[in-house]
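Remarks on the structure that follows.
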Amino acid sequence: MSFPAIVPKQPQGTAHRTVAVAFAVLLLATATVLANRVLPGWAYPVCGTVTAAVLLLLARAVGIGWAEIGFSRQHARRALRFGLGGFAVVVLGFGLAAALPPLGVLFHDGRVGSHGFGQLMWLALVRIPFGTVLVEEVAFRGVLPALLGGGERWRWRPVLGASALFGLWHLLPSLALTQNEAVRQTVGSLPLAVVSLLAMLAAAAVGVFLCWWRYLGRGLLAPALVHVATNSVGLVLAWAVAR
């Protein structure tokens, strides 16, 4: 006499998190299309802020704690120290690179254009921090690793999963990379699809590093400040070099 196999039920919390991950990925896919192809420039930080807020509400709705996301009062000072330390290292490294002629080409970027000082400040202090850094850190170093089972400690699968999605997130921006002089000189002869793939792989690798810095610093503030330094300070230096 044989009995049908008994398949254990999936824990309700796990099922809810699986649905939440799918919703988060769909939300982020919609957000990147809107931000890069549909919305006017002034709406870019609004889109990023709203997306980050929805992701936080989603994580809380399925029982993710603030500390799991990266907002721990207990470790706030540690996160700030690591964030400021990383910020200083990036600024120093960029400053040295900009001062050396062989490396100065890294800051020759056609996407910077001929921005006035006011527009530069808008980009560096508003658009990038709220339209790029906020949503990317909340999504790929906070909410997604937590939904994938990361908790408050480093775990490879959640980190690699969130970082792979971070690479895919850069698909549309990667299509404009050949406007950077260093990229054009290095891989400009390759098909755009290959350049885009390389850019997404590089972004995924950066995502792993930022996850590591987030867990080392015990909070999202640590990678967020490094991210601001890389994007905003990099933009200001590219602008200065182009003047």
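Just so it is clear, the structure is predicted and the values come from calculations on it, not from any experiment. Hydrogens, waters and symmetry mates are skipped; everything else that's a heavy atom, side chains included, is used.
The side-chain hydrogen bond (donor to acceptor under 3.5 Å, both in side chains) test applied to Tyr215 returns no partner, not counting sequence neighbours. Partners of Ser72 under the side-chain hydrogen bond (donor to acceptor under 3.5 Å, both in side chains) rule, at least two apart in sequence or in another chain, do not exist in this structure. Shown here are the side-chain hydrogen bond (donor to acceptor under 3.5 Å, both in side chains) partners of Ser196, two or more places apart in sequence or in another chain: Ser174.
The 12-atom threshold is not exceeded at CZ of Phe130, counting heavy atoms of other residues, nucleotides or ligands nearer than 6.0 Å. Counting non-hydrogen atoms of neighbouring residues, nucleotides and ligands closer than 6.0 angstrom, the CH2 atom of Trp154 exceeds 12 such neighbours.
The heavy-atom pair separating Val133 from Ala224 by the smallest distance is CG1-O, 3.7 Å. Considering every non-hydrogen atom in both Leu58 and Ala20, the closest pair reads CD2-O, 3.4 Å. Across every non-hydrogen atom of Val138 and Leu220, the tightest pair is CA-CD1, 4.1 Å. Closest approach of Leu235 to Ala124, counting heavy atoms only: CD2-N, 4.1 Å. Residue Pro158 comes nearest to Gly149 through the heavy atom pair CG-C, 3.7 Å, listed as atom of the first residue, atom of the second, then distance. Across all non-hydrogen atoms, the minimal contact from Arg214 to Ala67 is NH2-O, 3.8 Å.
Applying the salt bridge (Lys or Arg N to Asp or Glu O under 4.0 Å) definition to pairs two or more places apart or across chains, none involves residues 150-171. Residue pairs satisfying the salt bridge (Lys or Arg N to Asp or Glu O under 4.0 Å) criterion with at least one member in residues 121-150, sequence neighbours excluded, are listed as follows: Glu137-Arg141.
No single ILVMFWY cluster, assembled from side-chain heavy atoms under 4.5 Å apart, contains both Leu26 and Leu39. Using a 4.5 Å cut-off between side-chain heavy atoms of Ile, Leu, Val, Met, Phe, Trp and Tyr, with links allowed through other members, Leu165 and Leu56 fall into the same hydrophobic cluster. Hydrophobic clustering, with ILVMFWY side chains joined whenever heavy atoms are under 4.5 angstrom apart, groups Leu134 together with Leu28. Under the 4.5 Å side-chain heavy-atom criterion for grouping Ile, Leu, Val, Met, Phe, Trp and Tyr, Val46 is connected to Leu27 within one hydrophobic cluster. Linking Ile, Leu, Val, Met, Phe, Trp and Tyr residues whenever their side-chain heavy atoms come within less than 4.5 Å leaves Tyr44 and Val54 in two separate clusters.
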Verdict with reasoning, Val135 to Thr49, per side-chain contact (heavy atoms from CB on, under 4.5 Å): CA-CA 6 Å; Val135 64; Thr49 302; over 6 Å; no
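How far CG of Leu34 is from SG of Cys47: 5.5 Å, rounded to the nearest 0.5 Å. Atom CG of Leu168 is separated from atom OG1 of Thr32 by 10.5 Å, given to the nearest 0.5 angstrom. Between the CG atom in Leu221 and the NE2 atom in His227 there is a gap of 14.0 Å [rounded to 0.5 Å]. Taken to the nearest 0.5 Å, the CG atom of Leu147 stands 9.5 Å off from the OG1 atom of Thr18. To the nearest 0.5 Å, atoms CG (Leu175) and CG (Asn36) are separated by 9.0 Å.
Side-chain contact between Ile64 and Val143 is absent, with no heavy-atom pair separated by less than 4.5 Å. When side chains are defined from C-beta on, Trp122 counts as touching Pro45, because their heavy atoms get closer than 4.5 Å.
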Can I get a per-line list of side-chain donor-acceptor pairs under 3.5 Å for residues 73-96, giving both atom names and the distance, sequence neighbours left out?
residue : atom : partner : partner atom : Å
His75   : NE2  : Arg218  : NH1          : 3.4
Arg78   : NE   : Leu216  : O            : 2.8
Arg78   : NH2  : Leu216  : O            : 2.7

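The aromatic rings of Phe166 and His170 stand perpendicular to each other, their planes meeting at an angle above 60°, with 30° marking the opposite boundary.
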